[in-house]
*Asks:* 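Below is one structure. I have some questions about it.
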Amino acid sequence: MYGLVLIEPEGGLPEVDREYYVMQSEFFAADPENGVAAFDIQRGLDENPTYVLFNGKKGALLDENALKAKVGETVRIYFGNIGPNSISSFHIIGEIFDTVYHEGSIGGLKNKNIQTTLVPSAGATIVEFKVDYPGSYVLVDHSIYRVAKGAIGHLVVEGKEDPNVIRQGK
């Protein structure tokens with residue numbers, strides 16, 4: 001199985017401007033033969049994935065595939081970690097999650113103002129945040145060397161800069 005299933009409460013979740021699904025996964029691949037990479041059991045046993053990816057492939061959330069929003073919008077990301085082994089330290093560089101539904105529990109614990117949230121293997125979370133400033137925000141698994149294995153994406157925010165959001169020191 002690969003993906004997320006959302007069962008909303010009666011009446012749904014509070015409305016937001018943008019919703020995205022992001023799935024992290026590890027792949028344990030041998031050196032490809034004729035363009036096909038077979039599963040490498042030893043890499044799995046060593047817990048050393050060849051790739052750690054968002055949405056199943058390198059670059060799935062980069063360039064023309066980047067997530068998009070506008071200044072002032074509220075974004076909700078349903079984030080799943082299929083694993084199969086590692087915990088994800090989901091983080092967006094330059095952003096704070098206004099609300100985190102702990103382990104995806106809509107009716108349960110909601111944390112506020114979180115920078116990084118842990119998502120267990122075969123687990124999920126829901127994060128919500130308002131984007132206040134234009135730019136390209138970087139989605140990562142903050143076990144940061146996983147970026148080199150493919151766990152990176154962008155949220156591109158368009159709109160007018162507000163000098164009250166970011167002030168230069170004097």
*Asks:* Can you find a pair of side-chain heavy atoms, one from L62 and one from I152, that are under 4.5 Å apart?
*Replies:*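 Yes, side chains in contact.
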*Asks:* Can you tell me how far CG of D141 sits from OG1 of T116, rounded to the nearest 0.5 angstrom?
*Replies:*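 If we round to the nearest 0.5 Å, T116:OG1 and D141:CG are 9.5 Å apart.
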*Asks:* Report the C-alpha distance between L139 and F54 in whole Å, list the side-chain angles of each, state the deciding distance to 0.1 Å, and finish with yes or no for side chain to side chain contact (heavy atoms under 4.5 Å, CB included).
*Replies:* CA-CA 9 Å; L139 287 74; F54 291 151; 4.1 Å; yes
*Asks:* When you compare the side chain of V75 with that of V127, does any pair of heavy atoms fall below 4.5 Å?
*Replies:*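 Counting from C-beta outward, V127 and V75 never come under 4.5 Å.
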*Asks:* Please give me the minimum heavy-atom distance between L4 and G80, naming the atom from each residue.
*Replies:*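 Minimum heavy-atom separation between L4 and G80: CD2-CA, 3.7 Å.
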*Asks:* Can you measure from CZ (F97) to CD1 (I114) and round to the nearest 0.5 angstrom?
*Replies:*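 Rounded to the nearest 0.5 Å, the CZ-CD1 separation comes to 9.5 Å.
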*Asks:* Using the ring of each side chain (for Trp, its six-membered ring), is H142 parallel, tilted or perpendicular to H91, with breaks at 30° and 60°?
*Replies:*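 H142 vs H91 ring planes: perpendicular.
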*Asks:* Quick check against the 3.5 Å criterion: does D98 have a side-chain atom that pairs as donor or acceptor with the backbone of K130?
*Replies:*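 Checking the backbone N and O of K130 against the side chain of D98, a donor-acceptor pair under 3.5 Å is found.
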*Asks:* Which atoms form the tightest heavy-atom contact between V131 and E95, and what is the distance?
*Replies:*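 It is CG1-OE1, 3.7 Å.
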*Asks:* CD/Q42 to CG/N48 distance, rounded to the nearest 0.5 angstrom?
*Replies:*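 One finds 10.0 Å between CD of Q42 and CG of N48.
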*Asks:* Answer whether the closest heavy-atom distance between the side chains of F27 and L53 falls below 4.5 Å.
*Replies:*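 A side-chain contact exists here, since the closest heavy-atom pair is under 4.5 Å.
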*Asks:* Using only heavy-atom distances, determine whether the side chains of T50 and K149 contain a donor-acceptor pair under 3.5 Å.
*Replies:*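 Note: T50 and K149 side chains miss the donor-acceptor criterion.
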*Asks:* Side chain to side chain contact (heavy atoms under 4.5 Å, CB included) between Q24 and I82: does it pass, once the steps are laid out?
*Replies:* CA-CA 6 Å; Q24 180 174 319; I82 197 62; over 6 Å; no
*Asks:* Can you check whether E158 reaches P134 side chain to side chain, under 4.5 Å on heavy atoms?
*Replies:*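 Side-chain contact under 4.5 Å: no.
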*Asks:* How are the rings of F90 and F79 set relative to one another: parallel (under 30°), tilted (30 to 60°) or perpendicular (over 60°)?
*Replies:*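 Parallel: the ring planes of F90 and F79 meet at under 30°.
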*Asks:* Would you find a donor on one side and an acceptor on the other, under 3.5 Å apart, between the side chain of S88 and the backbone of N81?
*Replies:*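 No: the side chain of S88 does not pair with the backbone of N81.
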*Asks:* Verify whether one side chain among K57 and N65 offers a donor that lies under 3.5 Å from an acceptor in the other.
*Replies:*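 No, no side-chain donor-acceptor contact under 3.5 Å.
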*Asks:* Rounded to the nearest 0.5 Å, what separation is found between the OG1 atom of T99 and the NZ atom of K112?
*Replies:*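 Reported value, rounded in 0.5 Å steps: 3.0 Å.
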*Asks:* Starting at CG of D40, measure out to CG of D31 and round the result to the nearest 0.5 Å.
*Replies:*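 Going from the CG atom of D40 to the CG atom of D31 covers 8.5 Å.
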*Asks:* With ring centroids as reference points, do Y51 and F28 lie under 6.0 angstrom apart?
*Replies:*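 Ring centroids of Y51 and F28 are no less than 6.0 Å from each other.
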*Asks:* Distance only, no hydrogens: is a donor on one side chain within 3.5 Å (strictly under) of an acceptor on the other, for E47 and S86?
*Replies:*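 Their side chains do not contain a donor-acceptor pair, so the 3.5 Å distance test is not met.
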*Asks:* I'd like to check I77 versus I92 (side-chain heavy atoms, cut-off strictly below 4.5 Å). Are they in contact?
*Replies:*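 Yes, at least one pair of side-chain atoms sits under 4.5 Å.
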*Asks:* Judged by atom type as modelled, is there a donor-acceptor pair below 3.5 Å linking the side chain of Y21 to the main-chain atoms of G3?
*Replies:*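 No, because the side chain of Y21 does not come within donor-acceptor range (under 3.5 Å) of the backbone of G3.
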*Asks:* What distance do L61 atom CG and M23 atom CE have between them, rounded to the nearest 0.5 Å?
*Replies:*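 One finds 12.0 Å between CG of L61 and CE of M23.
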*Asks:* Tell me if a side-chain donor or acceptor on D162 pairs with a main-chain N or O of N164 at a distance below 3.5 Å.
*Replies:*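 Yes; judged by distance alone, with no hydrogens or angles, the pair exists.
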*Asks:* Passes side chain to side chain contact (heavy atoms under 4.5 Å, CB included), N85 versus S121? Steps please.
*Replies:* CA-CA 6 Å; N85 289 334; S121 181; 5.7 Å; no
*Asks:* Looking at R76 and D17, would you say the former's side chain and the latter's main chain have a donor-acceptor pair under 3.5 Å?
*Replies:*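 Checked: no pair found.
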*Asks:* Are Y145 and I93 linked, directly or through other ILVMFWY residues, by side chains that come within less than 4.5 angstrom of each other?
*Replies:*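 Yes: a chain of side-chain contacts under 4.5 Å links Y145 to I93.
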*Asks:* Just by modelled atom types, is the K70 backbone N or O under 3.5 Å from a matching donor or acceptor in the E73 side chain?
*Replies:*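 Side chain of E73 to backbone of K70: a pair is present.
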*Asks:* Could you go through T125 and L118, starting from their C-alpha distance and side-chain angles, then the distance that decides it, and tell me whether this counts as side chain to side chain contact (heavy atoms under 4.5 Å, CB included)?
*Replies:* CA-CA 9 Å; T125 192; L118 294 176; over 6 Å; no
